[in-house]
Each structure stands twice: as C-alpha cells, then as structure tokens.
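In what follows, chains are A, B, ... by sequence order, proteins preceding strands, each numbered from 1.
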Amino acid sequence: MAETSFFEKVYNVTKQIPYGRVTSYGAIAKYLGAAKSARMVGWALNSSVKHEVPAHRVVNRNGLLTGKHHFGGTNLMQQLLESEGVEVVNSKVQDFKKYFWDPVKEL
DNA sequence: CACATGACTGGAT
DNA sequence: AATCCAGCCATGT
C-alpha cells in the first residue's frame, strides 16, 4: 500500500470490520501506529460518510456510541448496530468486549 | 499567528 | 468506583 495515508488506513480498517462486530478508536489508532492520536481517528471518521465506511461499528473504548450525533442526530447508529445483532442499550454496546474486533490482532 | 474545540485514551486523584 | 487532568493532531475562528 503506497497511498496508505492515515485517513485511508482508517477507512480501510473500518470497512473490514466483520458483520456484527465493533472496534474502538484506540484499536484503530494503535493499528495505525498512533495510539496516542485516537482523536485523529474520530476526525478521520468524520469524513468516513464520503467513503461509505460503516463508522457506526466504531465506538469509543467504553462501547459508548459517542459519535451517534454525527449519524443524523438520531438513534440511527444504535439501530444499525442492533440490526447487525449487536446488543445496544441507551447508546451503549452490551458485552462490548465480546463484540470487540481488534485490527491489530485480527489483521 | 494564537486560542479553542473535538467521533479519545490512559493514568492519577 | 467515579471524576479530573494531561497528551495528541487537525480544523475553525
């Protein structure tokens, strides 16, 4: 991958998230070699909608859908996850550790 | 150019 | 166990 820019990697990894699985910003950031720049991952996902990236599968390390407000300001993000078989309650993923998908470990 | 904000995280109190 | 603080990088005012 020559054109593997920070953003490109984020989109690439996020798009590879298996169905019914979720990951965290820190995991992606760490995979990119910038574990301390987790904020950048969120910023990159800010443009993810243009890349057709399922950002709804990306949540913070607590399993909380912090970015749901960027999905239309509704419970769309939660509905999407529930639709994939992920238990989500009050904008929070249940058994997050069970649904957690680590790119560093899986890739 | 400087300050403030933000889809975060980890450690300290 | 819960809350606060500091670090990181990019974008906006």
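Across all strands, A:Asn60 comes closer than 4.0 Å only to sugar-phosphate atoms, never to a base (heavy-atom distances). At a threshold of 4.0 angstrom between heavy atoms, the contacts of A:Phe7 with the nucleic acid are absent. Residue A:Ala34 is classed as having no contact, given no heavy-atom separation below 4.0 Å to the nucleic acid.
The CH2-P distance, from A:Trp43 to C:dC8, rounds to 18 Å in whole Å. Regarding A:Leu45, its CG atom lies at a distance of 13 Å from the C1' atom of B:dG6, rounded to whole Å. C:dC9 atom P lies 10 Å from atom CZ of A:Phe6, rounded to whole Å. The interatomic distance linking A:Leu32 (CG) with C:dC8 (C1') rounds to 14 Å, in whole Å. Counting to the nearest Å, the P atom of B:dG10 and the NZ atom of A:Lys36 are 12 Å from each other. Rounding to whole angstrom units, CZ of residue A:Phe71 and P of B:dA7 are separated by 13 Å. Rounded to whole Å, atom C1' of C:dG12 lies 12 Å from atom CG of A:Asn46. Computed from coordinates, the A:Tyr25 OH to B:dG6 P distance equals 15 Å when rounded to whole Å.
Set against C:dA10, B:dA7, B:dT9, the side chain of A:His70 has B:dA7 as its closest nucleotide. Candidate nucleotides C:dA10, C:dC8, B:dA7 were compared by shortest atom distance to the side chain of A:Thr66, and B:dA7 ranks first.
A donor-acceptor contact shorter than 3.5 Å is absent between the side chain of A:Glu82 and the backbone of A:Glu87. A distance-only check finds a donor-acceptor pair linking the side chain of A:Asn60 to the backbone of A:Asn62 [under 3.5 Å]. The closest donor-acceptor contact from the side chain of A:Asp102 to the backbone of A:Val104 lies under 3.5 Å.
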Indicate every side-chain donor-acceptor pair of residues 42-59 of chain A with a distance under 3.5 Å to a residue at least two apart or in another chain.
unit_1: A:Ser48; atom_1: OG; unit_2: A:Leu45; atom_2: O; d: 2.4
unit_1: A:His56; atom_1: NE2; unit_2: A:Glu84; atom_2: OE2; d: 3.1
unit_1: A:Arg57; atom_1: NE; unit_2: A:Glu84; atom_2: OE1; d: 2.8
unit_1: A:Arg57; atom_1: NE; unit_2: A:Glu84; atom_2: OE2; d: 3.1
unit_1: A:Arg57; atom_1: NH1; unit_2: A:Ile17; atom_2: O; d: 3.1
unit_1: A:Arg57; atom_1: NH2; unit_2: A:Glu84; atom_2: OE1; d: 3.4
unit_1: A:Arg57; atom_1: NH2; unit_2: A:Glu84; atom_2: OE2; d: 2.8

